[in-house]
**Q** 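One structure, as structure tokens, below. Some questions next.
Labels below follow one simple rule: chain letters A, B, ... track the order of the sequence lines, proteins then strands, and each chain is numbered from 1.
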There are 2 protein chains.
Amino acid sequence: MPGQRSITEAEKLVEEKLGGIRVRREQMAVVANMHRAAAAVRQHLENSVLREAELTWTAFVVLWVVWIWGASETRRVAEEAGISKGTLTGVARTLQTRGLVRRSGHPTDGRLAVLSLTEEGETLMRRLFPEFNEEEAWVVGQLSDEECRRTADVLRRVVLQVEAHGEERRLALLDGAAPAPRRSGRRPRS
Amino acid sequence: MPGQRSITEAEKLVEEKLGGIRVRREQMAVVANMHRAAAAVRQHLENSVLREAELTWTAFVVLWVVWIWGASETRRVAEEAGISKGTLTGVARTLQTRGLVRRSGHPTDGRLAVLSLTEEGETLMRRLFPEFNEEEAWVVGQLSDEECRRTADVLRRVVLQVEAHGEERRLALLDGAAPAPRRSGRRPRS
DNA sequence: GGGTGACCGTTCGGGACCGAATTGTACGGC
DNA sequence: GCCGTACAATTCGGTCCCGAACGGTCACCC
């Protein structure tokens with residue numbers, strides 16, 4: 001995806017299209033670039049460091065979470081990894097069959113399941129993470145440490161905004177109307 | 001996904017885990033936050049503005065590209081939208097059956113296919129984009145215009161780095177070895 | 001002890017997504 | 001005209017991903 005330059009070009013075209021309606025250029029550019037960058041980085045890492053280990057991005061993130069935080073309830077892992085519980089079930093199963101992760105029931109609370117790394121998983125992460133981190137450093141290689149800090153901070157504020165007020169905002173936008181059903185997914189039994 | 005705070009915490013845990021090996025903290029934080037932010041924003045928009053229009057994020061991006069750039073070859077649309085040609089085929093078909101997009105063959109080159117908006121698609125975008133843009137502005141509402149500009153610029157440089165030198169970098173990392181096959185996807189006929 | 005919620009993980013429907021294989025058109029050289 | 005290469009879009013296998021529905025467990029109350 002080139003057309004990086006195109007974002008500025010696009011703004012003009014949008015304004016033409018809308019005939020005078022104000023476009024929030026800067027805001028549009030941040031959001032667009034955020035997604036381009038995230039996708040590019042993810043793809044690069046999947047096709048380099050993660051490929052040799054036969055891991056997808058998500059699988060790696062899950063491993064990483066369990067590695068860093070130690071044995072954790074699946075609910076927490078999903079939250080921390082930024083995926084839904086349902087997705088985690090599948091990913092965890094894959095990792096389990098590959099012998100990288102262990103799934104055990106909680107001793108006292110029968111509802112909970114706990115994930116932890118196997119010895120093999122531990123070894124893999126010890127080897128893989130430095131490579132991964134090295135590559136993270138490479139993709140942002142054009143930025144100074146200070147720029148990294150500032151950018152990380154800015155992005156954090158975006159996340160906070162959405163997480164803290166997103167729900168409320170969505171309700172306000174609906175203005176009492178029933179939320180439209182999702183287009184895909186399991187249908188009501190009715 | 002909370003645990004925003006956890007990123008800084010995580011850095012310490014990582015260093016413990018690795019026992020002295022240097023971790024590029026700032027770089028790690030940028031990459032992590034980039035993905036968190038992108039996911040959060042995407043989800044918010046899919047569950048608010050896009051939901052009422054029954055569009056997924058990708059479908060909207062494709063519409064947007066065709067809207068702004070006018071009738072375009074599918075190849076260019078895919079590139080501009082940041083998805084593979086294969087994915088576009090499916091998304092375009094969906095949009096076509098919903099009457100928002102038209103697919104026509106190229107007049108002189110029979111290999112090409114061209115996408116353009118229908119009248120209905122045009123109308124939809126004229127109504128939808130301002131709402132979308134408003135919401136983009138909201139998610140980055142905690143940032144000043146200047147911060148938006150700076151961040152957009154920084155992110156653009158990340159994209160450029162990966163796009164300009166990613167291929168080369170991946171080859172260098174392989175160091176002559178055959179690239180591991182992708183884990184999923186169509187198998188060789190053999 | 002029999003509700004009755006609240007909460008957890010899993011199942012499952014449907015779309016998104018990549019990328020190799022495939023199919024089809026164009027165009028050069030002969 | 002015919003072949004081979006180049007390049008277009010589509011097909012398709014396999015995974016990811018969300019979120020509603022589901023089934024199991026817990027905790028609290030009567």
**Q** Using a cut-off of 4.0 Å on non-hydrogen atoms, how would the nucleic acid contact of T56(B) be classed: base, sugar-phosphate, or nothing?
**A**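 The answer is sugar-phosphate, as T56(B) gets under 4.0 Å only of primed atoms, P, OP1 or OP2.
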**Q** Between dA16(C), dC17(D), dC18(D), spot the one nearest the side chain of T58(B), thanks.
**A** dA16(C)
**Q** If we count only N and O atoms by modelled type, under 3.5 Å, do the side chains of H106(B) and E73(B) hold a donor and an acceptor together?
**A**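 The criterion, which ignores hydrogens and geometry beyond distance, is not satisfied for E73(B) and H106(B).
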**Q** Once you apply a heavy-atom cut-off of 4.0 Å, does R42(A) come out as touching a base, just sugar-phosphate, or nothing?
**A**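 Sugar-phosphate contact only.
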**Q** Within residues 60-67 of chain B, which residues have any heavy atom lying less than 4.0 Å from an atom of DNA chain D?
**A**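 Hits under 4.0 Å, by residue number: none.
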**Q** Check the distance between dT10(C)'s P and R75(A)'s CZ and give it to me in whole angstrom.
**A**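 In whole Å, dT10(C) P lies 13 Å from R75(A) CZ.
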**Q** To the nearest Å, how far apart are L88(A) CG and dT15(D) P?
**A**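 My rounded result for the distance is 17 Å.
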**Q** Heavy atoms within less than 4.0 Å of DNA chain C: which residues of residues 103-116 of chain B have one? Give them sorted by number.
**A** T108(B), D109(B), G110(B), R111(B)
**Q** If you compare every side-chain N and O of Q43(A) against the phosphate oxygens of dC17(C) (OP1, OP2), does one of them come in below 4.0 Å?
**A** no
**Q** Hey, does R182(A) reach any base, or is it just sugar-phosphate, or nothing, if we go heavy atoms under 4.0 Å?
**A** base
**Q** Nearest to the side chain of R186(A), which nucleotide is it out of dG19(C), dA20(D), dT11(D)?
**A** dA20(D)
**Q** Think R98(B) has a side-chain N or O under 4.0 angstrom from the OP1 or OP2 of dG15(C)?
**A** no
**Q** Is the shortest side-chain N/O distance from N47(B) to OP1 or OP2 of dC18(D) below 4.0 Å?
**A** no
**Q** Could you state the CG-P distance from L55(A) to dT15(D), rounded to the nearest angstrom?
**A** 14 Å
